[in-house]
Amino acid sequence: MRLTRYFLPVLKENPAEAQIVSHRYMLRAGMIKQQAAGIYSWLPLGYRVLRRIEQIVHEEQARAGHIALLMPTLQSADLWRESGRYDDYGQEMLRITDRQDREMLYGPTNEEMITDIFRSHVGSYKDLPLTLYHIQWKFRDEMRPRFGVMRGREFLMKDGYNFDVSKEDALHAYNRHMVSYLRTYERMGLTAIPMRADSGPIGGEDTHEFLVLAATGESEVFYDEAVTELKLGARTVDYDDRACVAAICREFTSLYARTDETHDAALFDAIPAARRKVGRGIEVGQIFYFGTKYSEPMGATVQIADGSKVPVHMGSHGIGVSRLLGAIIEASHDDKGIIWPEGVTPFACGIVNLKQGDAAADAACAAIYAALGALGHEALYDDRDVRAGEKFATMDLIGLPWRITVGPRGLANGVVELTSRRTGISEEMPAEAAVARIAAIYAGV
RNA sequence: CGGGGCGUAGCGCAGUCUGGUAGCGCAUCUGUUUUGGGAACAGAGGGUCGUAGGUUCGAAUCCUAUCGCCCCGACCA
């Protein structure tokens, strides 16, 4: 994309309403525009990142054998009366009446609806196990939205629901979700720690939250520092292998890591003092096993081998997709702007033409841009006729992880400059080498 | 929902106390000179001062109502 043809309304000054760094940078980098309290438009740059995150979530869900569908944002109140949650949910639920005076609501989650779909179409244990999920906009009418997309009222969420014939099977689904979530966050460049949590209004027996450590996090967290070193890395996971999946879950949950809700001071104090950490975290996902809490009252049953009908065992699993933008920025930025991990960056790299209008510089930039595009890596080419400093400042703000800087001075020596946004380290090399380096970097992402 | 604050040009703000018909910086547009980390000079455009009433010869400024947004708290992903 050529910047002169793009829509990137960056701000030089900090908007007054933004308090935390991710909110400030998202506004300044022209990623979002607030339309009402806790409700945002996604401008092109923000939308690109949002889609990247969605794509990673889809890929990892597919890998775990989960099936995508799409449910509507508006739901009928009747469905929620069946589970008893219509009254339980309170003011946070946005209630709407249509022209026929029918009671509707803008869904804050989809347990009831997915259970309805399930009971309409599934009747046999032979159809199980089944895990369905979607990525859809939700609405929770927070009393006090804040921190930009981290605590909006409208938010994009991946929510998945597993249906199993037994508790044992459902716990395997739980474990599968834990591992797939760990992979998902790792691909986004995040360290998200699973922590034993409270079940809240969803209800249930077993639940873990995934927390990204950040000073601005909403939850106080207590953890063994060794848990932050755990990585899935390149290991292959067979999601059908219960023992393998369970072993990974044990590995990631056996060290102490809890939020203040479930904190146990005695267990915490048993950690060696040097590794005992108290910090703050941003919740970016949560998984639940809740058994037959919805299937029983809503009649979601399957017939088993002996001919009897049993309510299915369920769990639900969520990733805060739009919130992740904020969480990633909180975890990855400096005083000049955002630093996108390669996994979610809106463009593979930036190309800065130091002397727009110089025939050699223009040609070199165009060639680099085309070469990257041919390899499947879209660059953002700053072809504006502005001073170098302004181009650098823009690139730093929007946080592309790599920058290729092209100027007449370097070209005279046959080189361009490749700069890492994260380290700030620049290397001079021929243009072809810089293109090859970018390709090599993304080959491993 | 309790407490506090703010709505004046695209963004950040001053002006409000003490009423006299709106200003600064950045951004935008034009020109000239510049050009490897947010340039300089000259000129230009842009605001029914959140909205609606009221007081007054006269309201951004005083009064009333209302809408919106932000912060602290409680709540939440």
Side-chain angles (χ1 to χ4, degrees), chain A residues 9-20 23-24 27-28 30 33-40 89-93 107-109 137-159 192 195 197-202 207-212 217-219 259-261 281-288 316-327 336-337 352-358 361 382 384-398 403-413 415-417 419 424 426 428:
Chain A
V10 300
L11 302 173
K12 205 164 172 177
E13 289 172 273
N14 277 322
E17 76 260 26
Q19 301 300 312
I20 63 167
H23 191 194
R24 278 206 302 271
L27 290 167
R28 284 195 50 204
K33 167 168 169 46
Q34 179 167 320
Q35 303 292 168
I39 299 177
Y40 295 85
Y89 228 93
Q91 294 286 99
E92 232 181 60
M93 179 185 280
T109 176
W137 292 94
K138 308 287 192 296
F139 196 93
R140 291 184 193 166
D141 198 359
E142 296 287 338
M143 287 181 218
R144 191 183 158 210
R146 61 183 123 171
F147 303 152
V149 299
M150 297 248 292
R151 178 108 185 264
R153 291 194 295 170
E154 188 184 50
F155 57 99
L156 189 62
M157 180 175 167
K158 173 266 169 182
D159 46 323
M195 301 194 183
D198 256 0
S199 60
I202 307 281
T207 177
H208 282 84
E209 292 181 329
F210 293 79
L211 280 291
V212 172
E218 73 267 79
S219 312
T259 63
D260 48 3
E261 298 166 317
I282 300 165
E283 193 192 327
V284 293
Q286 187 162 10
I287 55 178
F288 301 89
S316 73
H317 320 88
I319 292 179
V321 172
S322 50
R323 151 175 281 219
L324 272 166
L325 282 267
K336 288 184 287 196
V352 168
N353 186 343
L354 291 173
K355 187 151 185 162
Q356 206 68 43
D358 176 90
D382 191 344
R384 294 175 299 170
D385 188 17
V386 299
R387 298 163 71 88
E390 191 170 343
K391 295 190 179 190
F392 291 142
T394 299
M395 285 295 175
D396 288 345
L397 174 62
I398 69 173
R403 187 186 77 209
I404 297 175
T405 309
V406 179
R409 196 183 297 170
L411 288 176
N413 298 319
V415 296
V416 298
E417 199 176 85
T419 306
S426 292
E428 293 195 332

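Since the model is a prediction, treat every value here as computed from it, not as a measurement. Throughout, protein chains are lettered first and strands after them, A, B, ... in sequence-line order, and every chain is numbered starting at 1.
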Pick the nucleotide of RNA chain B nearest each of A:Arg384 and A:Pro15; which residue has the one closer to the 5' end?
A:Pro15

Using the C1' atoms only, state how far B:G15 lies from B:A9, rounded to an integer number of Å.
15 Å

Could you tell me how far apart A:Asp141 (CG) and B:C75 (P) are, to the nearest whole angstrom?
18 Å

Say you pick atom P in B:G45 and the same atom in B:U51; how far apart are they, in whole Å?
24 Å

Report yes if a side-chain nitrogen or oxygen of A:Lys12 is closer than 4.0 Å to either non-bridging phosphate oxygen (OP1 or OP2) of B:A27; otherwise report no.
yes

B:G20 versus B:G7 - spacing of their C1' atoms, nearest Å:
24 Å

Side chain of A:Arg146, base of B:C69: donor and acceptor closer than 3.5 Å?
no

Counting distance alone, no hydrogens or angles: does the base of B:C76 have a donor or acceptor under 3.5 Å from a partner atom on the side chain of A:Arg151?
yes

Using a 3.5 Å distance criterion without hydrogens, assess whether the side chain of A:Arg140 forms a donor-acceptor pair with backbone atoms of A:Glu154.
no

Taking the side chain of A:Glu13 as its heavy atoms from C-beta onward, which of B:C26, B:G38, B:G36 lies nearest to it?
B:C26

Check: A:Arg28 side chain, B:G38 base, donor-acceptor under 3.5 Å:
yes

Any base atoms under 4.0 Å from A:Gln19, or only sugar-phosphate, or nothing? Heavy atoms, all strands.
sugar-phosphate

Just checking A:Gly407: base, sugar-phosphate only, or nothing, at a heavy-atom cut-off of under 4.0 Å?
base

Rounded to whole Å, please give me the gap between CD in A:Gln35 and C1' in B:C69.
14 Å

Gap in Å between the two C1' atoms, one belonging to B:G54 and one to B:C72, rounded
35 Å

What is the separation between atom CD on A:Glu417 and atom P on B:G37, rounded to the nearest whole Å?
11 Å

Could you tell me whether A:Gly285 contacts a base, only the sugar-phosphate backbone, or nothing, with contacts defined as non-hydrogen atoms closer than 4.0 Å?
nothing

Using 4.0 Å as the upper bound for N to carboxylate O, is an ion pair formed by A:Glu218 and A:Arg151?
no

Atom pair distance, as rounded to whole Å: CG in A:Leu27 and C1' in B:C69
13 Å

Nearest-0.5 Å distance, CZ of residue A:Phe392 to OG1 of residue A:Thr405:
4.5 Å

Identity of whatever pairs with B:G73 - Watson-Crick or G-U, under 3.5 angstrom
B:C1

At under 4.0 Å between heavy atoms, what does A:Gly38 touch on the DNA or RNA strands: base, sugar-phosphate, or nothing?
nothing

When rounded to whole Å, the CD to C1' distance for the pair A:Glu283 and B:A77 reads 5 Å

Of A:Leu397 and A:Ala16, the one whose closest nucleotide on RNA chain B sits nearer the 5' end is A:Ala16

Counterpart base for B:U66, defined by Watson-Crick or G-U wobble contacts under 3.5 Å
B:G50

Can you tell me, in whole Å, how much space there is between the C1' of B:G53 and that of B:U48?
16 Å

Under a 3.5 Å limit for both distances, which nucleotide forms a Watson-Crick or G-U wobble pair with B:U28, could you say?
B:A44

When we call it a touch if two heavy atoms are under 4.0 Å apart, what does A:Ala393 touch: a base, just sugar-phosphate, or nothing?
base

Rounding to the closest angstrom, what is the interatomic distance between B:U66 and B:C29 at atom C1'?
39 Å

Does any N or O donor sit under 3.5 Å from an N or O acceptor when you compare the side chain of A:Arg403 with the base of B:G37?
yes

Of all the choices, B:G12, B:A77, B:C70, which nucleotide is nearest to the side chain of A:Gln34 once you look at every atom?
B:C70

Expressed as a whole number of angstroms, how long is the span from A:Tyr40:OH to B:C69:P?
10 Å

B:G46 and B:G37: how far apart are their P atoms, nearest whole angstrom?
36 Å

Paired nucleotide for B:A39 [Watson-Crick or G-U wobble; both distances under 3.5 Å]
B:U33

Remember a base hit wins even if backbone is also touched, and classify A:Glu17 as base, sugar-phosphate or nothing at under 4.0 Å, heavy atoms.
sugar-phosphate

Any N or O donor-acceptor pair under 3.5 Å from the base of B:G37 to the side chain of A:Glu390?
no

Roughly, in whole Å, what's the span from CG in A:Asn353 to C1' in B:G37?
16 Å

Between B:U21 and B:A59, how far is it from one P atom to the other, in whole Å?
12 Å

